[in-house]
**Student:** 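Following this message is one structure expressed as structure tokens.
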Number of protein chains: 2
Amino acid sequence: MSQKTNIKALLASDAIGSTVTVRGWVRTKRESKNVAFIALNDGSTIHNLQVVADTAKFDENTLRNVTTGACICAVGLLVESAGSGQRVEIQAESIEIYGVSDPEKYPLQPKEHSLEFLREIAHLRPRTNTFGAILRIRHALAYAIHKYFNDNGFYYLHSPIITGADAEGAGEMFRVTTLDAKNPPLDETGSVDFKQDFFGRKTNLTVSGQLQGELGAMALSKVYTFGPTFRAENSNTARHLAEFWMIEPEVAFNDLDDNMELAEDFLKYLINYALTHCADDLAFLDARFRKEEDKKKKEERAELGLLDRLNFVVANPFERLTYTEAVEILIKSKPAQKKQFQYEVNWGTDLQSEHERYLVEKHFKKPVILTNYPTHIKAFYMKQNEDGKTVRAMDVLFPGIGEIIGGSQREENYEKLMARVKEVGIHEEEIWWYLETRKYGTAPHAGFGLGFERLVLFVTGMGNIRDVIPFPRTPQNADF
Amino acid sequence: MSQKTNIKALLASDAIGSTVTVRGWVRTKRESKNVAFIALNDGSTIHNLQVVADTAKFDENTLRNVTTGACICAVGLLVESAGSGQRVEIQAESIEIYGVSDPEKYPLQPKEHSLEFLREIAHLRPRTNTFGAILRIRHALAYAIHKYFNDNGFYYLHSPIITGADAEGAGEMFRVTTLDAKNPPLDETGSVDFKQDFFGRKTNLTVSGQLQGELGAMALSKVYTFGPTFRAENSNTARHLAEFWMIEPEVAFNDLDDNMELAEDFLKYLINYALTHCADDLAFLDARFRKEEDKKKKEERAELGLLDRLNFVVANPFERLTYTEAVEILIKSKPAQKKQFQYEVNWGTDLQSEHERYLVEKHFKKPVILTNYPTHIKAFYMKQNEDGKTVRAMDVLFPGIGEIIGGSQREENYEKLMARVKEVGIHEEEIWWYLETRKYGTAPHAGFGLGFERLVLFVTGMGNIRDVIPFPRTPQNADF
């Protein structure tokens, strides 16, 4: 395929003395007596290419239109750079203006903008260093996910987005409909007649592809999903999105230990991949992270920098313990003794964010995998332990993030599964197909869900999940 | 990571004489005097592994439960196979039954089932040879898509699924809502008050990620999307789904010629990847395709077999011509002269499927790229030609499939774009962010959309698009 040379390639090029063409957006222009220095970026790398233009060579109009945000094409000699900060630069022979950018109106001036302001111009923020870096890392992580699974014999299964089942109960759902919004058809009982809706039934946006993933694993052995999932929850936090991407591997013949091995190996592979393939972007975000931390009070600052933290996670085994052991640690902990936790810890209650953070950030100071949670706080499909009160669940907790992975071994026994289905009040007829896998050739199996944006949050060191997805969907916000 | 050896690896293994463990689902069991032959499949490959069990070694109950569909774990010696059809087999020393499968009830008996019936048991059909092959090829193609773009410097951009804009007008949309279905809140004019909906406005499921892809390309230069898209159209055909996956690359500084180069190179890469990585599955589907064709009348049979067709597409350049040239060919064609086309061909009308098929299957006998369509039959964002009546659109047409790719160079000129926006009646305030990219650093750019399921349809040789996605969504059907 014919390829135009991008700035990343030019910056690494040895073709000193050859004539090259470069295209991109102007980050800054600096003028000295007879020369203009143009910093050009095309998004292929965080680094700019310097284009040097003899003012005598160009008509006034051209250089006047070279302003921050303008798009240009420059042709010139690739030469060794006299200035510091770059190895090569271009001595422009011609410059074509593709698109001007009125300096009075262009919102992205070369100064620091707040993240809040940048969210309002999400269509332009990928042109900043920070968001360019985030999006390139997001790409690298997505690619690494596919590569890891492909190299390990998994098959990518596209689970449906529109679903007729609300079985998992993972959260509030969005309704998908083509019925008249104001005057929907009613049935003889006066209820909305969803039989007349597009799919002949009430349908929602999926909250998880797991149940369908299990169907795939009961035939192909190793599958994964990677698709959008949805929560119609009115939570305006820095950790929640109404639309986010999730990765859900599901493996036949795996038990809870295998599941933990897979989760830890997978996360370490992904972080390692980013460290190897996104060094420039991570170096920039590492410096950004330090600056942000320096703004905080000393006692609130992170102990490790971004790169140090990523390297630490890759190098050290995750701590593994049961929910019961974790509760014992928490009950004996200083904050519990001094009544500094907002929520009391007792066996049987779900752990709050403050408890998880204590375990991960204070007690173990590393990622933690908690297992074997009380049955009644976990989903119906998790494998029941012999103790009659816990299930083979696992949560992977990360510093600064909290739960990054949630998973379990699945209940493969039809009778035990049906008992839980009835107990929690799921309508059997909604998931008859799921239940049938336990009737015909059932097998032990396990899997988990990784929130993609939480992973990107961790790897980039950003503080708000709205800043690691191109166009965030949150309550009251579906712009762009 | 600890790995269990799968059947694909065992079939290729040289470890003759070693004790191995194999897990999978029973396809068939054949019993001779003292021996049972069990064909076991775990989805890692289309081939089964033969497990040979001396009936004397096992209690009756165990072997009685080894029925089609049951899931078992067998431990035994890997030996060279005496029988034909396989290189190695396992002499079972122990067999554990993970899950039985009542032969009276299991829907998937070892005989040929109709595709219609298999759609009704989509939760089990991945256990058949045909659907195992399709899903593995689907995976390989999805992976190849990511690999191609990654290797060529593209960044994967997640465009939003829930959207507030209906700009592209690509088709009917599904509404996404959390409003009360029966009694929605009304505003002072008596209309439904979408300000009270979850996102503070009326929202729909996306029909295309292109507009957001363009935002990405105007910062990162080369991006692609790969996500689900939706059409709320009541069309029950073998070519349409309500939910399908689409790939949309978008490249700054590309013109229509570059766009054609990219599309052709991309499609050939993907087909080549499948030929290289899915040889076993394609051999099976090639044989299946021949059998299906043989059922047809001679004059309706495909000229080439599946593998021959794939190899032909990879080896030969696509035919490129303008819409205007195509119309001239069609007007002069035999079927037009003999009035055999259902729809008349005239310059200015959209080509019908019968016309596209004539060009691809009869006239050129190869993939065709049509360009420069009349403005008024194409979308508002396409770059207007100087002739004042055509736009730089392109459609890639494939034999048996029709349009597999649709794309264009985009109109980068703000005034020209605005003229079309007004002409077709798009609300500017819905896409202010899209229009702003033409104000600030606009650049020539081009892109296209590839329907993923149409690609899988072509590569697998299947006839109905519902058979190349795990859980199809169509009018009146959101099962599983």
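Just the heavy atoms: all of them, side chains too, but no hydrogens, waters or symmetry mates, feed the values below. Below, chain A is the first sequence line, B the second, and so on; all start at residue 1.
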**Student:** Check each atom of A:A140 against the heavy atoms of chain B and say whether the ones under 4.5 Å are side chain, backbone, both or neither.
**Tutor:** neither
**Student:** Please determine, by modelled atom types, if A:N6 and B:K222 share a side-chain donor-acceptor pair under 3.5 angstrom.
**Tutor:**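 Side-chain D/A pair, A:N6 to B:K222: absent.
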**Student:** Kindly indicate, with the supporting measurements, whether the criterion side chain to side chain contact (heavy atoms under 4.5 Å, CB included) is fulfilled by B:I161 and A:L205.
**Tutor:** CA-CA 10 Å; B:I161 311 301; A:L205 289 179; 5.7 Å; no
**Student:** Identify the two heavy atoms, one from A:L157 and one from B:F471, that lie closest to each other, and give their separation to 0.1 Å.
**Tutor:** CD2-CE1, 4.4 Å
**Student:** Given that the side chain runs from C-beta out, which part of A:E264 has a heavy atom under 4.5 Å from chain B: side chain, backbone, both or neither?
**Tutor:** neither
**Student:** Can you check side chain to side chain contact (heavy atoms under 4.5 Å, CB included) on A:N150 and B:H139, steps first, answer last?
**Tutor:** CA-CA 9 Å; A:N150 184 70; B:H139 160 77; 2.8 Å; yes
**Student:** Hey, which of B:K8, B:Q212, B:R438, B:R125 has the most heavy atom pairs under 4.5 Å with chain A?
**Tutor:**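 If we count pairs closer than 4.5 Å to chain A, B:Q212 comes out on top.
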**Student:** Check whether any side-chain heavy atom of B:D479 sits under 4.5 Å from a side-chain heavy atom of A:R201, and report yes or no.
**Tutor:** yes
**Student:** Among B:A9, B:G24, B:C71, which has the most heavy-atom pairs under 4.5 Å with chain A?
**Tutor:**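 Of the candidates given, the most pairs with chain A belong to B:C71.
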**Student:** Quick one: does B:F480's side chain get under 4.5 Å of A:P160's, heavy atoms only?
**Tutor:** no
**Student:** Given heavy-atom pairs under 4.5 angstrom as the criterion, report whether the side chain, backbone, both or neither of A:L124 touches chain B.
**Tutor:**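 Just its side chain gets close to chain B.
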**Student:** Could you check if a side-chain atom of B:F174 sits within less than 4.5 angstrom of a side-chain atom of A:F199, using non-hydrogen atoms only?
**Tutor:** yes
**Student:** Between A:T474 and chain B, with a heavy-atom cut-off of 4.5 Å, which part of the residue counts as in contact: side chain, backbone, both or neither?
**Tutor:** backbone
**Student:** Quick one: does any side-chain atom of A:K182 pair with a main-chain N or O of B:L186 as donor and acceptor, under 3.5 Å?
**Tutor:**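 No: the side chain of A:K182 does not pair with the backbone of B:L186.
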**Student:** Could you walk me through whether A:H158 and B:F452 satisfy the side chain to side chain contact (heavy atoms under 4.5 Å, CB included) test, starting with their C-alpha distance in whole Å, then the side-chain angles of each, then the deciding distance to 0.1 Å, before giving a yes or no?
**Tutor:** CA-CA 11 Å; A:H158 289 94; B:F452 186 54; 3.9 Å; yes
**Student:** What part of A:D42 lies closer than 4.5 angstrom to a heavy atom of chain B: side chain, backbone, both or neither?
**Tutor:** both
**Student:** Please look at A:K195 and chain B and tell me whether the side chain, the backbone, both or neither of the residue comes under 4.5 angstrom of a heavy atom of that chain.
**Tutor:**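 It is the backbone, since no side chain atom gets that close.
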**Student:** Is it the side chain or the backbone of A:E96 that comes within 4.5 Å of chain B heavy atoms, both, or neither?
**Tutor:**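 Contact with chain B involves no heavy atom of A:E96 at all.
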**Student:** Please work out which of the three classes, parallel, tilted or perpendicular, describes the rings of B:W25 and A:F253, given edges at 30° and 60°.
**Tutor:**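 Plane angle between 30° and 60°, so tilted.
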**Student:** As a quick check of understanding, evaluate side chain to side chain contact (heavy atoms under 4.5 Å, CB included) for A:E172 and B:T178, giving each step before the final call.
**Tutor:** CA-CA 9 Å; A:E172 291 296 307; B:T178 56; over 6 Å; no
**Student:** Using a cut-off of under 4.5 Å on heavy-atom pairs, state which of B:L215, B:T203, B:V100, B:I162 scores highest against chain A.
**Tutor:** B:I162
**Student:** Indicate yes or no: at least one non-hydrogen side-chain atom of B:Y440 is less than 4.5 angstrom from one of A:R127.
**Tutor:**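 Heavy-atom side-chain distance check passes, below 4.5 Å.
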**Student:** Is A:Y414 close to chain B through its backbone or its side chain, or both, or neither, when contacts mean heavy atoms under 4.5 Å?
**Tutor:**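 When you check distances to chain B, no heavy atom of A:Y414 falls under 4.5 Å.
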**Student:** With a 4.5 Å cut-off on heavy-atom pairs, point out which of B:Y155, B:W432, B:Y98 contacts chain A the most.
**Tutor:**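 Heavy-atom pairs under 4.5 Å are most numerous for B:Y155.
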**Student:** Can you say whether the rings of A:Y156 and B:H146 are parallel (under 30°), tilted (30 to 60°) or perpendicular (over 60°)?
**Tutor:**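 Aromatic pair A:Y156/B:H146 classed tilted.
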**Student:** Who wins among B:A443, B:P444, B:G164 for the most heavy-atom pairs under 4.5 Å with chain A?
**Tutor:** B:P444
**Student:** Is A:R175 paired with B:D180 through a side-chain N to carboxylate O contact shorter than 4.0 Å?
**Tutor:** no
**Student:** Can you tell me which portion of A:F244 sits under 4.5 Å from chain B's heavy atoms? Options are side chain, backbone, both or neither.
**Tutor:**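 It is neither, since no heavy atom gets under 4.5 Å.
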